[in-house]
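Written below as structure tokens is the structure these notes are about.
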Amino acid sequence: MKNIDTEIPSVYDPKIVEKKWYKFWLEKDYFKAKHNPDKANNFSIVIPPPNVTGSLHIGHALNNTLQDILIRWKKMEGYNTLWLPGTDHAGIATQNIVEREIAKEGKSRYDLGREQFVERVWAWKEKYGNNIINQLKRLGSSCDWSRLRFTLDEGLSKAVRKVFVQLYKEGLIYRENYVINWCPRCQTALADIEVESIEEDANLYYINYPIKDSKGEIITVATTRPETMLGDTAVAVHPDDKRYNKFIGKTAILPLMDREIPILADSYVDPEFGTGAVKITPAHDLNDFELGKRQKLQAINILNKNGTMNEQAGRFKNLSVSKCREKVLNELIKKGFLNKIEDYKHSIGHCYRCGTIIEPYLSKQWFVKMKEIAEPAIFAVEEGRTEFIPSRWDKVYYDWMRNIKDWCISRQLWWGHRIPVWYCQDCGEIMVELEDPTICKKCGSHNLLQDPDVLDTWFSSALWPFSTLGWPEETEDLKCFYPTSVLVTGFDIIFFWVARMIMMGLKFRGEVPFKKVYINPLIKAAGGKKMSKSSGNVIDPLTVIDEYGADTLRVTLASLTIQGNYICLSEERIRGFRNFTNKIWNVSRFSIMNLKGFDIDKIEKDKLKMTLVDKWIISKLNEAIKKSTEYLNEFKYGEAAKIIYEFSWNEFCDWYIEFSKPRLHQQKDTIERQTSQYILWFVLENTLRLLHPFMPFVTEEIWQKLPHKGESIMVSPWPKYKEEYENKDAEDKMDKIMSIIKTIRNIKSDMNIPYSKEIDLYLNINEKDKLKLIKENIYYIETMIKTKSIEVGTEIKKPEYSATGVLEGIEIFIPLKDIINISEEIARLEKKLNKINGELNLIYKKINNNDFLSRAPKDIVKKERDKANDLRDIKERLENNLKSFK
RNA sequence: GGGCGGAUAGCUCAGUUGGGAGAGCACUGGUUUUACAAGCCAGGGGUCACAGGUUCAAGCCCUGUUCCGCCUACCA
């Protein structure tokens, strides 16, 4: 009969457990940070705010798991922790969603008007905006929800306003007519980094432009965008290009448009590329625009905001860019202007939100001057005030920061922070103030108009680490938690977000926003492929949570987290860690069953009788505590998790539990049994605490079932390494005992002896210390190996028909009269001998080398010599045993 | 064009100042053993990309090469 507690199922079911404990933690207010003036004892993280439109994808799951591990661990270490959550209003994405929604009603945002449309978006946000927040809760995130922020909150909007006004007054924000990246679908300007260049196969078109007043002379230009010729206002060649000297100053006739355009010299032109002659379209190419400014050229804008041709394109009006290109090419061919077409590979910019091809577009936009605010941010990282982990990311940061360009911050959207600039319609005065103006300060007119544009969402995100803490008010939160301790984020937003936060933090708080930036890897599917809906290899974290539980998802992600750029996730991998979760569940189940009647308060520690294996497991636990804590300090999540995983499974479950069974299963409540119970409880309880940041739910569930002190494992202390727990002597001794057991198991397995078959065992040991050790602890071997009889001694002769195992100073004989197959045994021993000989030869090479002996450190030499002796001993014994068969 | 990262077992990856090639998964064989078959026990499997160099000693340091991935750049 199995003596099993039927109240605890043998398979862990996370569903009810997770709901129960999350609710409990919330009720206890454990996530809520306190105001603690002792800054050194505060630990704070601001969440990378997910888009309010978002739903939790696997990248969020990883990023937030890693943050939660830090927060829970630091909390257990005694810090006053703050994990500040929130969402981002995600201008383009959110506006797109609501526009699509009203499109179903057959309306556009213009039908609703600005005010009504924005109201609609708010209504949408109220309804769906908490989606991702609830999903974060399911992951177990211990965010301080009482401090939940949104980038369009009143307070954060105040911060945005203040920053804009101040930067404007300092001349760091300016408005200019400039060629920016225009998304014709979103109908807004984008910053340079919001454009994704994708290399595509395209064509280079060579077009002949006739020279005016010549006898059929032409100049040929090369272009990838032939339709832009409609806006050409010049042709440029290099001043030193002898081929074209004669044309400089002459006039070309623009085909199809019959416009006269000058041919001019500019050193920007690369004579090596194409024909060495460039068509110049100042309104639709940044370089052409710059050249146009130098050369005082007219800029002709040929595009409407929606990407179709405007009236400047003449008869091509209203055509889309691609249709227009087609028609232009047809006409060029028909009229004999198209010289040739070449295949050409080049990068084409796409909108990072919707994928539409970006058009360079001349328009009036607001910009932030970056050079000046970037400099202190570069120093901050150089001086280590902010540290990137892994450190190589600082190079990426430096590279971008040192070549930084001005940031286009105006967006032609309705959802976002409206640009706080008013224009007097009467005198043209521009007003930028903290309070909305009602009267022109110059002419007294009330005829004011606010700039229609909104700010880039990232403009408000850049203020996140201090705007969320209450700035511009000097709040207690700011005093306690700024600068924050760590930022955990992905490398894809180092430019978008991290760099800008450092700049703004320094500019407006005079201090870096975070001391460390931990860059987490990005997740890929098995085989290193990108997860995408089209490949069908997406792993949805919520599905994983439903199926396997949040703990399994978390510990999987944490375990895979290495210092590299990518991690590969597969369902197979998740199942492996589900098994681990279940292992922890079952060892706890075993422990709970065996701790009946155990009371921590009644234990008199001085009276406990610690055995060798008790000392060993305590020492091993101690080591696991030390190493896992060290790894966490270095943000090596995978290594930390691995240490705890291996300790709990390979040492605690596989060895300690098995060794302790006989003592636990005693009927009487002896001191031996009590000791065993105490150690079992002690090790498990500590292990649970080590696991808690990784697997908060299952550890809480078990911890509450175990004898414990305190309300929750969440607020229990992180285990501490203690020197007095370290016991190298016990570790060495257990090593020897365990290798004897392993060798016997090996022989049994090789000889096909079933586990349950009882054997006679002979141990011939020629060293006094070892003999004493084994004699005193023969109990451990008996626990793990089913034996009929055991003999241990110095002069034990090998019984006939025995299988043999050889260890340093130890021979193991198992008589197998009925079973043994002599030739199999010979083959087995020969195989082992070969292996030993191989190792031995390598060592001989070393210790017979005079250079090695004279130059290598003495301890290394000694180690090699000792090893040679051990191996020689084993070799001799193996050989003797082999001889006995012949 | 510039830069960064990578190449170690079938797969995914560890491998900290240079000193006995590791893990998980997969695979093979055994096993229902009083927590767990999502388990237990055992096993096979590697020219550490290639070529040089430094060193008594190189997966690790240096140089070069090849291949892969990513970022970045205004060459139309």
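All figures in this text were calculated on a predicted structure; none of them were measured in a lab. Proteins get letters first, then strands, A, B, ... in listed order; numbering begins at 1 in each.
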How long is the line joining [atom1] of [X] and [atom2] of [N], in whole Å?
X: E658(A); N: U31(B); atom1: CD; atom2: C1'; answer: 14 Å
X: W585(A); N: G39(B); atom1: CH2; atom2: C1'; answer: 17 Å
X: I847(A); N: G20(B); atom1: CD1; atom2: P; answer: 14 Å
X: R578(A); N: G24(B); atom1: CZ; atom2: P; answer: 17 Å
X: F590(A); N: A35(B); atom1: CZ; atom2: C1'; answer: 7 Å
X: K596(A); N: A35(B); atom1: NZ; atom2: P; answer: 12 Å
X: K530(A); N: C68(B); atom1: NZ; atom2: C1'; answer: 17 Å

Just the table, please: protein N/O against nucleotides 40-46 of chain B N/O, every pair under 3.5 Å.
{"unit_1": "C40(B)", "atom_1": "OP1", "unit_2": "K583(A)", "atom_2": "NZ", "d": "2.9"}
{"unit_1": "C40(B)", "atom_1": "OP1", "unit_2": "W649(A)", "atom_2": "NE1", "d": "2.5"}
{"unit_1": "C40(B)", "atom_1": "OP1", "unit_2": "D654(A)", "atom_2": "OD1", "d": "3.3"}
{"unit_1": "C41(B)", "atom_1": "O3'", "unit_2": "R745(A)", "atom_2": "NH1", "d": "3.4"}
{"unit_1": "A42(B)", "atom_1": "O2'", "unit_2": "S749(A)", "atom_2": "OG", "d": "3.2"}
{"unit_1": "G43(B)", "atom_1": "OP1", "unit_2": "N746(A)", "atom_2": "ND2", "d": "3.0"}

Heavy atoms only, 4.0 Å cut-off, all strands: where does [X] land among base, sugar-phosphate and nothing?
X: E646(A); result: sugar-phosphate
X: R392(A); result: sugar-phosphate
X: V221(A); result: nothing

Who are the side-chain contact (heavy atoms from CB on, under 4.5 Å) partners of N869(A), not counting sequence neighbours?
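With neighbours one apart ignored, the set is R872(A).
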State which residues pass side-chain contact (heavy atoms from CB on, under 4.5 Å) with N752(A); sequence neighbours excluded, sorted by chain then number.
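N752(A) satisfies side-chain contact (heavy atoms from CB on, under 4.5 Å) with no residue once adjacent residues are dropped.
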Any donor-acceptor N or O pair under 3.5 Å, side chains [X], [Y]:
X: S648(A); Y: K583(A); value: no
X: Y178(A); Y: E290(A); value: yes
X: Y352(A); Y: E194(A); value: yes

I want to verify a distance call: between C25(B), C36(B), G19(B), whose nearest atom is closest to the E572(A) side chain?
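Taking heavy atoms from C-beta onward, the closest nucleotide is C25(B).
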Please determine, for the side chain of F852(A), which listed nucleotide (C4(B), A35(B), G19(B)) has the closest atom?
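Ranking C4(B), A35(B), G19(B) by closest atom to the F852(A) side chain puts G19(B) first.
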Quick one: sort the W393(A) and F491(A) rings into parallel, tilted or perpendicular, breaks at 30° and 60°.
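Judged by the thresholds at 30° and 60°, the geometry between W393(A) and F491(A) is parallel.
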Do the ring planes of W400(A) and F495(A) sit parallel (below 30°), tilted (30 to 60°) or perpendicular (above 60°)?
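W400(A) vs F495(A) ring planes: parallel.
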Rounding to the closest angstrom, what is the interatomic distance between [N] and [M] at atom [atom1]?
N: G69(B); M: A35(B); atom1: C1'; result: 45 Å
N: U55(B); M: C60(B); atom1: P; result: 16 Å
N: A57(B); M: G18(B); atom1: C1'; result: 8 Å
N: A76(B); M: U8(B); atom1: C1'; result: 46 Å
N: U34(B); M: C48(B); atom1: P; result: 46 Å
N: G15(B); M: U32(B); atom1: C1'; result: 38 Å
N: U17(B); M: C61(B); atom1: C1'; result: 12 Å
N: C62(B); M: G30(B); atom1: P; result: 50 Å

Taking for each residue the nucleotide of RNA chain B bearing the nearest heavy atom, is the 5' side occupied by N650(A) or by I657(A)?
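Nearer the 5' end of the strand: N650(A).
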Can you name the one residue among H350(A), H346(A), K345(A) that meets side-chain hydrogen bond (donor to acceptor under 3.5 Å, both in side chains) with E200(A)?
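Passing option: H350(A).
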Residues which pass salt bridge (Lys or Arg N to Asp or Glu O under 4.0 Å) with [X], listed by chain and number, not counting sequence neighbours:
X: K626(A); answer: none
X: K636(A); answer: E634(A)
X: K340(A); answer: E342(A)

Passing option when E646(A) is tested against I644(A), I643(A), N650(A) for side chain to side chain contact (heavy atoms under 4.5 Å, CB included)
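Exactly one candidate clears the test, N650(A).
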Can you list, pair by pair, the side-chain donor-acceptor contacts under 3.5 Å of residues 561-569 of chain A, counting residues two or more places apart and other chains?
{"unit_1": "T561(A)", "atom_1": "OG1", "unit_2": "L557(A)", "atom_2": "O", "d": "2.7"}
{"unit_1": "N565(A)", "atom_1": "OD1", "unit_2": "R392(A)", "atom_2": "NH1", "d": "2.6"}

Between G69(B) and N565(A), is there an OP1 or OP2 to side-chain N/O distance shorter than 4.0 Å?
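For G69(B), neither OP1 nor OP2 has a side-chain N or O of N565(A) closer than 4.0 Å.
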Tell me if the aromatic rings of F577(A) and Y645(A) count as close, with their centers under 6.0 Å from one another.
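Ring-ring flag for F577(A)/Y645(A): true, centres closer than 6.0 Å.
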Reading nucleotides 71-76 of chain B from the 5' end, what letters show protein touch, with B for base, S for backbone sugar-phosphate only, - for no heavy atom under 4.0 Å?
-S-BBB
Dot-bracket encoding per residue of RNA chain B, Watson-Crick/G-U cut-off under 3.5 Å, | denoting interstrand
(((((((..((((.....[..)))).(((((.......))))).....(((((..]....))))))))))))....
Taking ring-ring contact (aromatic ring centres under 6.0 Å, His included) as the test, write out the residues that go with F694(A), two or more places apart.
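Not a single residue meets the ring-ring contact (aromatic ring centres under 6.0 Å, His included) criterion with F694(A).
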With sequence neighbours excluded, what pairs up with T220(A) under the side chain to side chain donor-acceptor pair (under 3.5 Å) test?
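Side chain to side chain donor-acceptor pair (under 3.5 Å) list for T220(A), sorted by chain: N208(A).
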Any N or O donor-acceptor pair under 3.5 Å from the base of A38(B) to the side chain of R575(A)?
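Per atom types, no contact qualifies.
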Report each atom pair, protein N/O against N/O of nucleotides 10-16 of chain B, whose distance is under 3.5 angstrom.
{"unit_1": "A14(B)", "atom_1": "O2'", "unit_2": "E639(A)", "atom_2": "OE1", "d": "3.4"}
{"unit_1": "A14(B)", "atom_1": "O2'", "unit_2": "E639(A)", "atom_2": "OE2", "d": "2.3"}

